[in-house]
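Inspection log for the structure reproduced underneath, given as structure tokens.
Predicted, not measured: the structure shown is a model, and the values here were computed from it. Counting starts at 1 for both ligands and their atoms, following the listed order.
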Amino acid sequence: MSIRVTIWNEGRHEQTNEKVRAVYPKGIHGALAEGLSEEGIATRTATLDEPEHGLTEAVLADTDVLIWWGHMAHDQVQDDIVARVQRRVWEGMGLIVLHSGHFSKIFKRLMGTSCDLKWREADEKERIWVVDPSHPIAAGLGEYFELPQEEMYGEHFDIPAPDELVFVSWFEGGEVFRSGCTYRRGQGKVFYFRPGHETYPTYYNENVLKVIRNGVRWAAQARGAKPVYGNAKPLEPIRPKE
Ligand code: ZN
């Protein structure tokens, strides 16, 4: 049985910016859907402009892992849809937040911090170091891999201390950044992965796609597990024997 992945993309840069459209003619969601699909991973896409942002109760109920890319329209995501996604994470749906999704409502809500960071667009090289080589999300990678041009994200990144830190990025300008962080929220697994500025062909990079595919496999829960969230029953008190 394949892992059911829904790739959510805001999809606005592709509509308004010629440069982004040239890099991602099928949208960031379209590129990810093609790049991530392999045996055992079934992808579908959803975008901001669809009714309910494409994230209906039925779609989320049929999603093992949700991938999130957004940037310029975070505030246009309806709060009730954000609450719906959060509830599904608590129930066990995996969530992978990419790049500028650090400022999305859902990520900020799950983290409980500002999620602010430093940034600079200067076509810099990014070297992504694997700092937890035994982690399943780092499977099949070397000591590091590089992206020839990316936007810089720098510390301080205002997130809670990650449960696991898998990657640290270095940039030509000298900054470093915690670029691969895992969390558990409720019964759901959350993975934040930094690369993917919209003007660079990052989501065609084989190492980036490998990391996201690894993240999908890591974040997916065993199918059929009954969510216990909200179903807890009071126990009889245990009394010492007379
Ligand atoms: Zn960016």
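- Between the Zn ion (ligand 1) and the N, O or S atoms of His197, the shortest distance is to ND1.
- If you put the vertex on the Zn ion (ligand 1), NE2 of His99 and OE1 of Glu151 sit 90° apart, to the nearest 10°.
- Val5 places none of its side-chain heavy atoms less than 4.5 Å from the side chain of Thr63.
- With respect to the salt-bridge test (charged N to carboxylate O, under 4.0 angstrom), the residues Glu151 and Arg120 do not qualify.
- With 2.8 Å as the limit, His71 does not count as an N, O or S neighbour of the Zn ion (ligand 1).
- For the ring pair (Phe, Tyr, Trp, His ring centres under 6.0 Å) test with Phe193, the passing option among Phe167, Tyr153, Trp69 is Phe167; the others fail.
- Counted within 6.0 Å of CD on Glu206, heavy atoms from surrounding residues, nucleotides or ligands total more than 12; the atom is thus considered enclosed.
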